[in-house]
Amino acid sequence: MIIIDIAAPAAIAAPCVQTVGTFDGVHLGHQYLLRQLKAEALRSGLTSMVVTFKEHPTATLAAADPAHVRLTTLDEKLALIEELGIDYVALLDFTPELAATSARDFMAQILVRRLNGRVLLMGYDNRFGQRRGKTIANYASIGKKVGLQVMRADELTLTDDLRPSSTAIRTALDDGDVVLAARLLGRPYSVEGTVVRGDRIGHTLGFPTANLALTDPNKMLPHHAAYAVSVHVGEKRYAGMLYIGNRPTFGDLTQQRVEVHLLDFDGDLYEQHLRVDFLRLLRQEQHFASPDELRLQLERDLAAARLTHDSYFT
C-alpha cells in the first residue's frame with residue numbers, strides 16, 4: 001500500500017476509485033465499504049484509494065469536542081486499511097481551511113486534480129464539504145461537472161439491526177461493554193503502552209501489576225472497571241486481568257491508573273511495550289473494606305479472566 005501525503009507536491013498518476021472518510025476504528029461498516037471499493041476498482045480496471053485524515057476532525061475543531069478521544073491511532077488505522085488490500089491511502093491535514101472548503105472545490109481540486117480520481121464511492125451516511133446537508137444525488141450532480149462519477153455504497157446491517165459506527169463503539173466502551181465493541185469492530189478493542197514503575201501495591205497483595213503509560217493518551221479507554229484481557233508481549237500472548245480507575249480502597253480517588261496482571265508470567269516487564277485486547281467486563285470499580293477483601297476479589301477476578309481467555313482462544 002502506498003501512502004500519499006497531500007501536503008507533498010507530487011500527486012498520484014494512476015486513475016483511481018476513491019472513498020473519503022475519517023475511518024476511526026476501521027469497524028465492520030468501514031471494512032464492508034472498503035471491500036466494495038476494492039471490488040469496484042477491480043471491476044473498472046482502476047486502483048483503489050482511501051482519502052482520510054491524519055488527525056480526527058474533532059481534534060482540530062477543539063471547540064466542538066475538547067475531550068476528543070479516538071478508537072485507532074493513525075498507524076493502527078493505516079495497518080487495518082492495508083490488510084484489506086487497498087492500493088493507496090491519501091492523508092489530509094484537517095485544517096480550518098479544509099473544513100471551509102465546499103464539496104465542489106474538494107472534489108475538483110483534491111479528488112480529481114490532485115489525486116486523479118475517476119470514481120467516488122460514498123458510504124451511505126458519508127457527507128463532506130462546508131455544507132454537509134447534501135444528498136448523494138447532489139454529490140453526483142457535482143461529480144458530473146468536475147469529471148467524477150459518484151456511486152453510493154451498500155450499507156452493512158448486522159443481526160438484531162445493529163449498525164456498526166464509531167459512535168456506537170464509543171458508547172459501548174463508555175458502558176464497559178467491550179463484547180459489543182468487539183462485535184462492531186470485528187476484533188477486540190485494544191490499547192498499547194509502555195510499562196512504567198508503580199508503587200507495587202499489587203505485589204503486596206500477591207497480584208503484581210504492570211502499570212501502563214499509554215502510547216497515545218488520546219486513544220479511548222473503556223469505562224472504569226476490571227476486565228479480562230489478552231496481553232501481547234512481543235510474540236507471546238498471555239491471559240490477563242486489567243484494571244482502569246482510581247484506588248478507592250487505598251484512598252486514591254484522583255489518579256486514573258491502567259494496571260494489568262499477566263497470568264502465568266514470570267519476568268520483568270519494566271519498559272516493555274504491551275498490547276492489551278479487551279475480552280470481557282469482570283466487575284465495576286468499587287471500594288473494599290480492607291486489602292484482604294480486595295485480595296479475595298482479585299482471586300475471583302483471576303479465575304474469571306482465565307476462563308474467559310481460555311474459552312475465547314479455544
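Computed from a predicted model, the values in this text were never measured in an experiment.
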CA sep, side-chain torsions, deciding dist, call: T135, N138, side chain to side chain donor-acceptor pair (under 3.5 Å): CA-CA 5 Å; T135 64; N138 295 142; 3.2 Å; yes
Evaluation steps, side chain to side chain contact (heavy atoms under 4.5 Å, CB included), between E55 and N218: CA-CA 11 Å; E55 293 289 342; N218 290 321; 5.9 Å; no
Derivation and outcome, side chain to side chain contact (heavy atoms under 4.5 Å, CB included), residues L148 and Y139: CA-CA 9 Å; L148 188 66; Y139 288 101; over 6 Å; no
Worked verdict on D292 versus R295 for side chain to side chain contact (heavy atoms under 4.5 Å, CB included): CA-CA 5 Å; D292 285 339; R295 184 183 297 107; 2.4 Å; yes
Verdict with reasoning, Q284 to H223, per side chain to side chain donor-acceptor pair (under 3.5 Å): CA-CA 9 Å; Q284 299 292 338; H223 177 70; 3.0 Å; yes
Stepwise side chain to side chain contact (heavy atoms under 4.5 Å, CB included) check, K38 with D87: CA-CA 9 Å; K38 186 69 177 179; D87 298 310; 3.5 Å; yes
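Formation of a donor-acceptor pair under 3.5 Å by the T52 side chain with backbone atoms of T22 is found in this model. Using a distance-only test at 3.5 Å, with no hydrogens or angles considered, no donor-acceptor pair links the side chain of T19 to the main chain of M49. With hydrogens and angles ignored, the 3.5 Å screen pairs a side-chain donor or acceptor of D268 with a backbone N or O of Y270. The main-chain N or O of A304 is found under 3.5 Å from a side-chain atom of T308 such that the two form a donor-acceptor pair. Put simply, the side chain of T209 never gets that close to the backbone of E259: no donor and acceptor are under 3.5 Å apart. A donor-acceptor pair under 3.5 Å is absent between the side-chain atoms of E40 and the main chain of L121, judged by distance alone. In this structure, Q31 contributes its side chain and V26 its backbone to a donor-acceptor pair below 3.5 Å.
For E285 and Y243, the side-chain atoms include at least one donor-acceptor pair closer than 3.5 Å. Between the side chains of T171 and D174, no donor N or O sits under 3.5 Å from an acceptor N or O.
Residues that satisfy the ring-ring contact (aromatic ring centres under 6.0 Å, His included) test with H30, not counting sequence neighbours, are F23, H27. Looking at residues two or more places apart in sequence or on another chain, you find a side chain to side chain donor-acceptor pair (under 3.5 Å) between D216 and R70. Here D266 pairs with nothing under the side chain to side chain contact (heavy atoms under 4.5 Å, CB included) rule; sequence neighbours left out.
Remark: K219 is positioned above the aromatic ring of Y189, its terminal NZ or CZ atom under 6.0 angstrom from the ring centre and at most 45 degrees off the axis.
By the 4.5 Å heavy-atom criterion applied to side chains, R104 and K145 are counted as neighbours. In this structure the side chain of L279 reaches within 4.5 angstrom of the side chain of F313, judged on heavy atoms. Within the 4.5 Å cutoff, no side-chain heavy atoms of L263 are placed close to those of Y238. L78 has its side chain within reach of L91: a pair of non-hydrogen atoms, C-beta onward, lies under 4.5 Å apart. Inter-residue side-chain proximity for I4 and I6 is flagged as unmet; no heavy-atom pair is nearer than 4.5 Å. At a threshold of 4.5 Å between non-hydrogen side-chain atoms, the residues L180 and L162 count as touching. Taking the side chain as every heavy atom from C-beta outward, R306 and L302 approach each other to under 4.5 Å. Looking at L214 and L221, their side chains come closer than 4.5 Å, going by heavy atoms from C-beta outward.
With hydrophobic clusters built from ILVMFWY side chains whose heavy atoms lie under 4.5 angstrom apart, V50 does not share a cluster with L156. Clustering ILVMFWY residues whenever any of their side-chain heavy atoms sit less than 4.5 angstrom apart, transitively, puts L173 in a cluster other than the one holding V179. In this structure, M122 is not a member of the same hydrophobic cluster as L46, with clusters built from ILVMFWY side-chain heavy atoms closer than 4.5 Å. Cluster membership check: I169 does not share its hydrophobic cluster with L74, using side-chain heavy-atom separations under 4.5 Å among Ile, Leu, Val, Met, Phe, Trp and Tyr. Taken together through direct or relayed side-chain contacts under 4.5 Å among Ile, Leu, Val, Met, Phe, Trp and Tyr, Y88 and L33 form parts of separate hydrophobic clusters.
Note that CG of L212 is 13.0 Å distant from CZ of R275, once rounded to the nearest 0.5 Å. Atoms CD1 and CG, on I86 and L37 in that order, are 4.5 Å from each other to the nearest 0.5 Å. Note: F278 CZ to I244 CD1 = 4.0 Å, rounded to the nearest 0.5 Å. Once rounded to the nearest 0.5 Å, the distance linking CD of E76 with CG of L80 reads 7.0 Å. Here M1 contributes atom CE and S48 contributes atom OG; the two are 9.5 Å apart, rounded to the nearest 0.5 Å. Between R118 atom CZ and S44 atom OG the span is 11.0 Å, to the nearest 0.5 Å.
For the pair A90 and L115, the tightest heavy-atom approach, listed with the atom from each and the gap, is CB-CD1, 3.8 Å. Across every non-hydrogen atom of A182 and P188, the tightest pair is CB-CA, 3.8 Å. Residues N116 and A14 come closest through the heavy atom pair ND2-C, 3.7 Å. The heavy-atom pair separating V146 from A108 by the smallest distance is CG1-CB, 3.7 Å. Shortest non-hydrogen contact noted between A168 and R163 is CB-O, 4.4 Å. Heavy atoms only, all atoms of each residue included: Y32 and D154 are closest at CE2-O, 3.5 Å.
Ion pairing of R187 with D277 is absent here, as no side-chain N (NZ or NE/NH1/NH2) approaches a carboxylate O to less than 4.0 Å.
Across Q297, M241, R300, a single residue satisfies side-chain contact (heavy atoms from CB on, under 4.5 Å) together with L282, and that is M241.
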